[in-house]
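To keep things clear, I will list the structure first and then write my remarks on it.
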Amino acid sequence: NVLMPMGWDAFGLPAENAAMKSAQAPAQWTYDNIAYMKQQLKSLGLGIDWSREVKTCTPEYYRWEQWLFTRLFEKGVIYKKTSTVNWDPIDQTVLANEQVIDGRGWRSGAVVEKRDIPMYFFRITQYAEELLSGLDQLEGWPEQVRTMQANWIGKSFGVRFAFTHGNDEKLWVYTTRADTIMGVTFVAVAAEHPLATRAAQNNPALAAFIEECKQGGVAEADIATMEKKGMDTGLKVTHPLTGEQVPVWVGNYVLMGYGEGAVMAVPAHDERDFGFAKKYNLPIKQSIQVAGEAFSTDAWAEWYGDKERGVCINSGKYDGLNYSAAVDAIAADLKAKDLGDKQVQFRLRDWGISRQRYWGCPIPIIHCPSCGDVAVPDDQLPVVLPENVVPDGSGSPLAKMPEFYECTCPKCGGKAKRETDTMDTFVESSWYYARYSSPQCTTGMVDKASAQHWLPVDQYIGGIEHAILHLLYARFFHKLMRDEGLVPGDEPFKNLLTQGMVIAPTFYREESNGKKLWINPAEVDVATDERGRPTGATLKADGLPVVIGGTEKMSKSKNNGVDPQAIIDEYGADTARLFMMFAAPPDQSLEWSDAGVEGAYRFLRRVWKAVSDHVAPGVVAAYREGELSTAAKALRFQLHQTIAKVDDDLGRRKTFNTAIAANMELLNALGKFTEQTPAARHVMQEALEAIVLMLAPIVPHLGQALWSELRPGSDLLDQAFPKADPAALVQDEIELVIQINGKLRGSLRVSKDADKATIEQLALAHEAVVKQLAGGTAKKVVVVPGRLINVVV
RNA sequence: GCCCGGGUGGUGAAAUUGGUAGACACAACGGACUUAAAAUCCGUCGAGGCUUAACCCCUCGUACCGGUUCGAUUCCGGUCCCGGGCACCA
């Protein structure tokens, strides 16, 4: 049973294979691939239901997404909160993260504002622990992806504690370095922190600074790269352990959305705080010492932040304690004062899904002046998108359509307003795999029995750019659905293959309003220097220069996609597929180039010719057993070695390029094999059949056509993948490499049963070794069975 | 800035567990076939040196610097560059 969560192109794009036809291909070569494959699979009685297609932008799909939304909203798994976004002050719309560069908008020079808007959130943090621990079980996932997700979730063990001030008020902070608490010299709060707001009331300079902090992006990258700025609020808080008065600063690098919106600052042992303290002349107080190192406030040194080697100093009763002992002691003391405790924290934040867009599933909420936010009842689902929409490029078109948003409250029947935000399309892509199990189901999101049967997905394939967000959201959604009793198991995808990016150069021109107009590489002429580096580019249409951007992943937004259609038109879908598979392994990123497509095409023609030449004198059966010449034996050895390799390359390693290369080598060997005896022809038949079967997944049309030549009346789709014959892989003699001091100096053929002593003896008698020893003796001889001998001189 | 990858000939790449660096191709060059072209086939193809008796041999070479090892593209430490992600592209 195979569930195919993939596009139609998995079967090959419909193309008239004119080029292949001219290369003596038979007439039946030309067909509509999809129609042909459908018909073939149907005639084979494989029970394929071609109506089992899932589209994620249909009312029925929306119905169940909204159905789940209303349930989760009532349970509080989805909640509403104010959130800070990047805001385009000219268009009055939310800016996408990629439209923000260094805190500036995509218009040259336009400064981005932060703005608070109400948003719906999925409480993904509730599942943080499970999302993290579940990674260990995902053995079919690349290590790289598991590491990225673990870092993203970012579990940390720290201490949450409070500085006290005023009339028993508390300023809470979270730190993973409680051992440095005696080195605190100030506290930094976010611009939006209540304490900052209060201090700004009679401090115009501070109020202005807070306003300034509201400019610039909210992306993590913006905050990490921007200049760290701050201003003293004039307020002081009391250190919970020393009782000292500590100044409170507003810092533009502290975000209200993270943790408590306030951080303790230890300039001596945190590089960022150190820079900040130097800039504003704040005290730096050493509280950690590493033996043999000298502390100086002049410049930052790596060891200042070393929690492995550091022990407390200048810290009173904590002096001499290492990291974990100090944290334990300090947390205990804070707890005793009721001013803090150890706390596990996650970096992961809740998932904001509200979008001010037209595309996307409408959020099924009705805002009633008297009842508040009311979920749309099941019998009024789905809320569908209106179709007569004229987007004007600013804000959501739905918000300008009274016919969409005017409604009555389901609870009280009064006049109410429908939510006009739609959901992040990541929500749709988070459960489509589950819907594939039961596409026709009209009684629920999924049919339980079908979901039980099909899930989890055995092999999931997607771009590496989805390593964190999409794959984390999908895992989270699976757990939500599991907890609603909809799907089995804890994880949606058993095995994961992450493709590398196909990258291409980008080109653009700046328009009069400052926005960038991205130009497709196909419309551009690029001039290069003698080393092949681009020196300039012009638009083909007008010959005037365009700006060369970076080389980035192909995307609609950067208009740097390359259409393989030109290759398909000229060489056919099989050649296009073979060429792409041969270019590089799938998990590697690839700068697109069509150089080399000729080679793929030539290879297919050679396969075609080899089969045609072989079947011309009449079809024979494949080799079974009997006497073979040395050459025929050697060919069978290579054949079965290739089968074993290709099986492993396709099945386990997913390195299609090396699988193809192995077939090329085998075909080259076949070309040199000229014996025409009956036995030799049987071996040839066996080899050609294997090549066709091994290549068929990559070049299905060629495979289908050639198989019918090799085995008239039988169908390729009935065949199993070839199996390596262990008997053919037995060799009497093996070749060992001789190294002297690790350098290749010769080789040796020995019996496969030769023992180490014999091999060593033979090696020492080898002329290259004798020459290098020059009468002396070998210091050491390393024998690696089946591989090499290394003589150390 | 932080997290995750990557860097090997003119080019795409291979070397799967530390064991022959450059498989398999592209491009280029030389040759065969041909009236000619296309197609096809054969050969050369990392850099430098040596020897023309030998298509034999030697040195260097996997971004850069250093280390571990009999042996490092592979492991460790550091640096540079490129790509992906950084929560509103999806």
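Values in this document were obtained by computation on a predicted structure and should not be read as measured data. By convention in this document, chain letters (A, B, ...) are assigned in the order of the sequence lines, proteins followed by strands, and residues within each chain are numbered from 1.
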Quick one: label [X] by what it contacts on the DNA or RNA (base, sugar-phosphate, nothing), any heavy atom closer than 4.0 Å.
X: A:T551; result: sugar-phosphate
X: A:Q356; result: base
X: A:R787; result: sugar-phosphate
X: A:F603; result: nothing
X: A:K645; result: base
X: A:T147; result: sugar-phosphate
X: A:I738; result: nothing
X: A:N663; result: nothing
X: A:W351; result: nothing
X: A:G352; result: sugar-phosphate
X: A:V792; result: sugar-phosphate
X: A:A96; result: sugar-phosphate
X: A:R146; result: nothing
X: A:K743; result: sugar-phosphate

Measure from CG on A:D649 to P on B:A15 and round the result to the nearest Å.
8 Å
Between [Y] and [X], does any NZ, NE, NH1 or NH2 come within less than 4.0 Å of an OD or OE carboxylate oxygen?
X: A:E227; Y: A:K279; result: yes
X: A:R107; Y: A:D91; result: yes
X: A:E220; Y: A:R347; result: yes

Of all the nucleotides listed ([options]), which has the minimum atom distance to the side chain of [X]?
X: A:T658; options: B:A14, B:G84, B:A25; answer: B:A14
X: A:A221; options: B:G1, B:C88, B:A23; answer: B:G1
X: A:P585; options: B:A14, B:C86, B:U20; answer: B:A14
X: A:R357; options: B:C41, B:A14, B:C89; answer: B:C89
X: A:E220; options: B:G1, B:C88, B:G84; answer: B:G1
X: A:M501; options: B:U59, B:G71, B:G84; answer: B:G84

Whole-Å [atom1] distance, [N] and [M]:
N: B:U68; M: B:G10; atom1: C1'; result: 35 Å
N: B:G22; M: B:A15; atom1: C1'; result: 8 Å
N: B:U74; M: B:G66; atom1: P; result: 15 Å
N: B:A28; M: B:G12; atom1: C1'; result: 15 Å
N: B:A25; M: B:G9; atom1: C1'; result: 13 Å

Under 4.0 Å from OP1 or OP2 of B:A27: is there any side-chain N or O of A:R602 that close?
yes
Residue whose nearest RNA chain B nucleotide is more 5′ - A:D648 or A:A662:
A:D648
Pick the nucleotide of RNA chain B nearest each of A:V218 and A:V791; which residue has the one closer to the 5' end?
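The answer here is A:V791.
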What do you reckon, are the aromatic ring centroids of A:W141 and A:Y460 less than 6.0 Å apart?
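No, the ring centres sit 6.0 Å or more apart.
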Give a yes or no on whether the ring-centroid distance for A:F276 and A:Y253 is below 6.0 angstrom.
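So the answer is yes for these two rings.
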Which dot-bracket string describes RNA chain B (Watson-Crick N1-N3 plus N6-O4 or O6-N4, or G-U N1-O2 and O6-N3, all under 3.5 Å; [ ] crossing; | other strand)?
(((((((..(((......[....))).(((((.......))))).((((.......))))..(((((..]....))))))))))))....
Would you check if A:Y571 and A:E598 make a side-chain contact, meaning some heavy-atom pair closer than 4.5 Å?
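A:Y571 reaches A:E598 side chain to side chain.
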N-glycosidic conformation, B:G9 - syn within 90 degrees of 0, else anti
syn
Quick one: does A:N151 reach the base of B:C3 with a side-chain donor-acceptor pair under 3.5 Å?
no
Given A:R146, which of A:Q144, A:Q149, A:E143 fulfils the side chain to side chain donor-acceptor pair (under 3.5 Å) condition?
A:E143
Result for ring pair (Phe, Tyr, Trp, His ring centres under 6.0 Å) between A:W351 and one of A:F122, A:Y79, A:F121 points to A:F122
Could you check whether any side-chain N or O of A:R115 sits under 3.5 Å from a backbone N or O of A:V85, counting only pairs where one atom can act as donor and the other as acceptor?
no
